[in-house]
2 protein chains.
Amino acid sequence: MAAGEPQRNTKQRQVILEELCKLKSHPTAAELYQVVREKMPRISLGTVYRNLELLAKNRIIQKLDTIGVEARFDGNPARHNHIRCTDCGCVGDLHDIPGDFLDQRFKQANGWKIIGCRIEFIGICPGCRNIRQDKSIPEADSGKSQ
Amino acid sequence: MAAGEPQRNTKQRQVILEELCKLKSHPTAAELYQVVREKMPRISLGTVYRNLELLAKNRIIQKLDTIGVEARFDGNPARHNHIRCTDCGCVGDLHDIPGDFLDQRFKQANGWKIIGCRIEFIGICPGCRNIRQDKSIPEADSGKSQ
DNA sequence: GTGTATGCAAAGCCTTTGCAGCATG
DNA sequence: CATGCTGCAAAGGCTTTGCATACAC
C-alpha cells in the first residue's frame, strides 16, 4: 500500500473514519477498534492500524505519535495542539494558540532548519480535577512525567 | 524497586550515567546499551532499562518519552526543549526558549489545569541539510510526521 | 476479471519482569 | 551478612506483516 491516495472506498475504511471523527477522545488504535467492532464485528485490528496509517499519510486524520506511549489518532487533520492529563492520560484539544508564539529568532537554531513544532501541554483534565478535589490532592505538580 | 533514591552505587549504574552524559545524541536505551557494553560486556539490556528508569525518577537524567516512538534519554535533567530531525530522527537540544512564551491566557483552558508544557520542534539537522543540499532536495516540508 | 484490502495469525519491536545468584554498604 | 542489584530469559503490550481470500472498481 505504501503512501499514495486511498485506492478503494471500503466499508471498513468508511466506518473507521466515521467513528474516529465522532469521537472527541483522541483514541488509541485499540480503543477505536473496540468502537468500530460494534458496527462491524468481524473487522480486524490489523485493518484498523492499516487504515489509520493510510488516512494519516493522506492527511485525512492526524496521528499523534509523540503524545504518550501508544499512538493516538485525531479525526481533525488541521494542525492544533493537544493537552495530556498527567492523571488519566487522556488527550484534549487546544485550538487558540497564537500563530506567532514561536519567536522568529528560533526559526534557525544551531544549524537546524526548523520547519515546525508541536506543543504538548501537560495538565489535569476536568474530571481528574474533580477527583483530586474530592481527595484533597493539590494540583501543583503530579510528580509524573519528567 | 519502585521510586525512591538509588540505594547502591553499582559499577553498572556509574557507567550508564557516565556514558549517557558523555553522549550528546539523546540515545535510546538500546543505543546506550551498545556503548556501555564496550566498557562492560556482560551488562544486560534489562539493567540499562532499570537504571535509566531509576535515574529518571530521581531527576538525575531525563526521559524524553514523548519524542518519537522509542524512549530517548538525556543526561541533562534541566528542563529544556528538543528538536527532532524529520529526516534521520535524531534529537537535538534547544535551550534558549523564553520562559514566558506561554501566554498567561493559556494557563487555564476548557477546565483543564495546565501545569506545564513540552515543545517538540520539528526540523532538519545540519547533517541532513547537507545531504539535502547535495541532492537538491528542498527543505520546505519533508512530508513526514503530521 | 484484476488487483487492492481484508481477516487471521504469527512475528517484530521495545520494554518490563521473575528469579536465582552476586556484590554493595 | 542482609538485601538491593544484576544477568538471563521469558513474557507483555503495541504494532506490523505474510498469506489466502474477498470485494471494489
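Within every chain, numbering begins at 1; the chains are lettered A, B, ... in the order of the sequence lines, protein sequences first and strands thereafter.
A search for side-chain contact (heavy atoms from CB on, under 4.5 Å) contacts involving A:Leu45 returns A:Tyr33, A:Tyr49, not counting sequence neighbours.
B:Ile16 approaches B:Val48 most closely through the heavy-atom pair CD1-CA, 3.8 Å.
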(request) Mind running side chain to side chain contact (heavy atoms under 4.5 Å, CB included) on A:Gln34 and A:Arg37 for me, showing each step along the way? (result) CA-CA 5 Å; A:Gln34 291 303 335; A:Arg37 264 215 301 195; 3.5 Å; yes
(request) List the steps and the verdict of side chain to side chain contact (heavy atoms under 4.5 Å, CB included) for B:Leu54 and B:Arg13. (result) CA-CA 10 Å; B:Leu54 184 62; B:Arg13 186 165 300 150; 3.3 Å; yes
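The distance from atom CD of A:Glu53 to atom P of C:dT4 is 19 Å, rounded to the nearest whole Å. Between the OH atom of A:Tyr49 and the P atom of C:dT6 there is a distance of 16 Å, given to the nearest Å. Straight-line distance from the CG atom of B:Leu32 to the C1' atom of C:dC14: 15 Å, rounded to whole Å. Counting to the nearest Å, the P atom of D:dT15 and the CD atom of A:Glu31 are 10 Å from each other. Rounded to an integer number of Å, the gap from CZ of B:Arg37 to P of D:dT6 is 16 Å. Per the geometry, CE belonging to A:Met40 stands 7 Å off P belonging to C:dG7, to the nearest Å. With rounding to whole Å, B:Asn51 atom CG is found 13 Å from C:dT16 atom P. Put simply, CZ on B:Arg13 is 12 Å from P on C:dT24, counting in whole angstrom units.
Considering only heavy atoms from C-beta on, B:Glu19 stays 4.5 Å or farther from B:Glu38 through its side chain. With a 4.5 Å cut-off on side-chain heavy atoms, A:Ile43 and A:Val15 do not count as touching.
Of the candidates C:dT6, C:dG7, D:dT15, the closest approach to any side-chain atom of A:Ala29 belongs to D:dT15.
Listed pair B:Ser44 / D:dC8 fails the phosphate criterion, with no side-chain N or O lying under 4.0 Å from OP1 or OP2.
Of the residues near DNA chain D, A:Gly46 and B:Ile16, the one whose nearest nucleotide (by heavy atom distance) lies more toward the 5' end is B:Ile16. Take the nearest nucleotide of DNA chain C for A:Arg42 and for B:Leu45: the residue whose nucleotide is more 5' is A:Arg42.
Ion pairing between a basic and an acidic side chain is recognised when a charged N comes within 4.0 Å of a carboxylate O; A:Arg50 and A:Glu53 show no such pairing.
Contact annotation for A:Ile43: backbone-only contact, meaning every heavy-atom pair under 4.0 Å involves sugar-phosphate atoms and none involves a base.
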(request) Produce a footprint string for nucleotides 20-25 of chain D: one letter per nucleotide, 5' end first; B if the base is under 4.0 Å from any protein heavy atom, S if only the sugar-phosphate is, - if neither. (result) ---BBS
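Between the side chain of A:Arg50 and the base of C:dG7, at least one donor-acceptor pair of N or O atoms lies under 3.5 Å.
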